[in-house]
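Step one of this worksheet: look at the structure below.
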Protein chains: 2
Amino acid sequence: MKDKFVEINDLLVEIYDDVIRIEEYSIKQGVFSDISITEIHTIEAVGLYGSKTMSEIAAQLEITMGTLTTAVDKLIKKGYLERSRSEVDRRIVNVSLTKRGKLAYRIHEKFHMDMVKAVMEDMTEAEEEVLLTALRKLNKHLKEIYNPAKS
Amino acid sequence: MKDKFVEINDLLVEIYDDVIRIEEYSIKQGVFSDISITEIHTIEAVGLYGSKTMSEIAAQLEITMGTLTTAVDKLIKKGYLERSRSEVDRRIVNVSLTKRGKLAYRIHEKFHMDMVKAVMEDMTEAEEEVLLTALRKLNKHLKEIYNPAKS
DNA sequence: ACTATATATTTTGATTATCAAAATATTTGT
DNA sequence: ACAAATATTTTGATAATCAAAATATATAGT
C-alpha cells in the first residue's frame, strides 16, 4: 500500500519536472525563441479574445501588478502584446494580443494538445475515462487543500 | 474526442499550478519558513544518506555548478547543509545534510505523501491501478519526447 | 463644486535564481 | 615534470519577483 503511494508520488514529481523541461525546450527550439515560459504564460493569461486589464491578468497569474508591468513592457517591445487606456475609466489599462501574440498562443496550445494526444494514443476508452475521473478528483482535492473555506 | 483531450490538458495545467502553490504555502507556514522551494529541492537532491559531490547534485537538478555553489553557500549558512573536501581527490567537494537538513527533508517528504494519500483516499482499488498505469505511460512518453534517442 | 478617500497602475529599490565564461586548485597521462 | 583534463568557485550579467512609494484618475460626502 505504502509502495503505491510512493510510486505515484515519484511519478508525479518526475512528470512534473519533465513537462517543464519539454515546454522550455520546445519554446527555445521553436519559432518564438525570443520568449520564455513565463512570458508564454503571460500571453496565455491575456487570452485570444478581446482584452484584459492589468488587475485581471495579475490576479490570474498570482503575481503583483508591478511584476506584470515590467513583463508587459517587455512583451510589447517584442511585439506580442499591446496596451490601451480604457476610454470609460482612464485609470484602467487594457492589454491584448497582437497577431504575433495570437500565433504564439496557438502554437503553445497545440504543443500542449500534441503532448496529451501522444500520451493517450495507446489508451483504451475505459482507461481514458478512469484517468479523467482520477484527475478530476485530484484537482478537486487540491483546490480543497488550497482553499479549505470553499469545501 | 477533442473535448476529452482539452479537459485532460486543462486539468493537468490546473493541477500543476495548484501543486506549486500548495507546496510553496506549506513551506512558508511550516517550521522551515526560512527556505524556498528551490532550496528544498536542493536538500532533496543531496539526499538523506551519506554525501554527494557538487557535480552529482548539479547534474540531478539540471543547474550549473556556479548556481549550485551559491545555493549551497546559503544553505550552509542557514544550517541545512555541510561541505567537506574529499580526502581521496582534493578537487572534489562532498555535500551532506545536517540534522536540521534531514528534518526538513523528512517533513517535506511527508507533505508529499499526505497529498498523495488525501487524493487516493476515496479511490477504488481499480481506479488506483488505472491511475498508476496511466501515470507510468505518461512518464514514459514524456521521457521519450525529452530524449528521443533512448526510445 | 471641493476635498478626501478609494482605486488602478507604474516606478523604485531590493532579492533570488539563474547562466556563461574566467579563474583556481588538483589530478592524471606521458 | 609538465601539459592536459577535471572539479569547483568566482565574476559579471540577466530575468522574475516583491513591497512600498509615487502617480493618475474616479467617487463619495459635505
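Per chain, numbering begins at 1; letters A, B, ... match sequence-line order. Please read all numbers here as calculations on a predicted model, not as lab measurements.
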- Note on the structure: Here the distance between atom P of dA24(D) and atom CE of M54(A), to the nearest Å, is 17 Å
- Query: Is the base of dT8(D) touched by the side chain of R91(B) through a donor-acceptor pair closer than 3.5 angstrom?
  - Reply: no
- Query: Is the shortest side-chain N to carboxylate O distance from K4(A) to E125(B) below 4.0 Å?
  - Reply: yes
Measure all distances between protein nitrogen or oxygen atoms and nitrogen or oxygen atoms of nucleotides 16-23 of chain D, and list the pairs falling under 3.5 Å.
from: dA16(D); atom 1: OP1; to: S36(A); atom 2: OG; distance (Å): 2.7
from: dA16(D); atom 1: OP2; to: K74(A); atom 2: NZ; distance (Å): 2.8
from: dC18(D); atom 1: OP2; to: T64(A); atom 2: N; distance (Å): 2.9
from: dC18(D); atom 1: OP2; to: T64(A); atom 2: OG1; distance (Å): 3.2
from: dC18(D); atom 1: OP2; to: T67(A); atom 2: OG1; distance (Å): 2.8

- Grab the CG-C1' distance between L68(B) and dT11(D) for me, whole Å please. 17 Å
- Message: Measure CD1/I92(A) against P/dA26(D) and give the value in whole Å, please.
- Response: 9 Å
- Starting at atom NE2 of H41(B), determine the distance to atom C1' of dA17(C), rounded to an integer number of angstrom. 14 Å
- Could you check how far CG of D89(B) sits from C1' of dT24(C), rounded to whole Å? 15 Å
- Item | dA8(C) OP1/OP2 closer than 4.0 Å to side-chain N/O of R83(A) | no
- Report yes if a donor N or O on one partner sits less than 3.5 Å from an acceptor N or O on the other, where the partners are the side chain of R90(A) and the base of dT25(D); otherwise report no. no
- Message: Whole angstroms only, please: what is the CD-P distance between E87(B) and dT26(C)?
- Response: 12 Å
- Task: For salt bridge (Lys or Arg N to Asp or Glu O under 4.0 Å), just list the numbers for K110(B) and D114(B), CA-CA rounded to whole Å, side-chain angles, deciding distance to a tenth of an Å, and then say yes or no.
- Result: CA-CA 6 Å; K110(B) 182 173 176 342; D114(B) 287 351; 2.8 Å; yes
- Item | Separation of dT9(D) P from N94(B) CG (nearest whole Å) | 11 Å
- Item | NE2-CD distance between H112(A) and E23(A), expressed to the nearest 0.5 angstrom | 4.0 Å
- Item | Non-hydrogen side-chain atoms of E128(A) and I8(B) separated by less than 4.5 Å | no
- Calculate the interatomic distance between D73(A) atom CG and dT11(C) atom C1'; express it in whole Å. 10 Å
- Task: List the steps, then state whether side-chain contact (heavy atoms from CB on, under 4.5 Å) holds for L75(B) with I35(B).
- Result: CA-CA 8 Å; L75(B) 284 170; I35(B) 46 178; 3.8 Å; yes
- Can we call the ring centroids of Y80(A) and F32(A) under 6.0 Å apart? yes
- Taking R83(A) for its side chain and V95(A) for its backbone only, find out whether a donor-acceptor pair lies under 3.5 Å. no
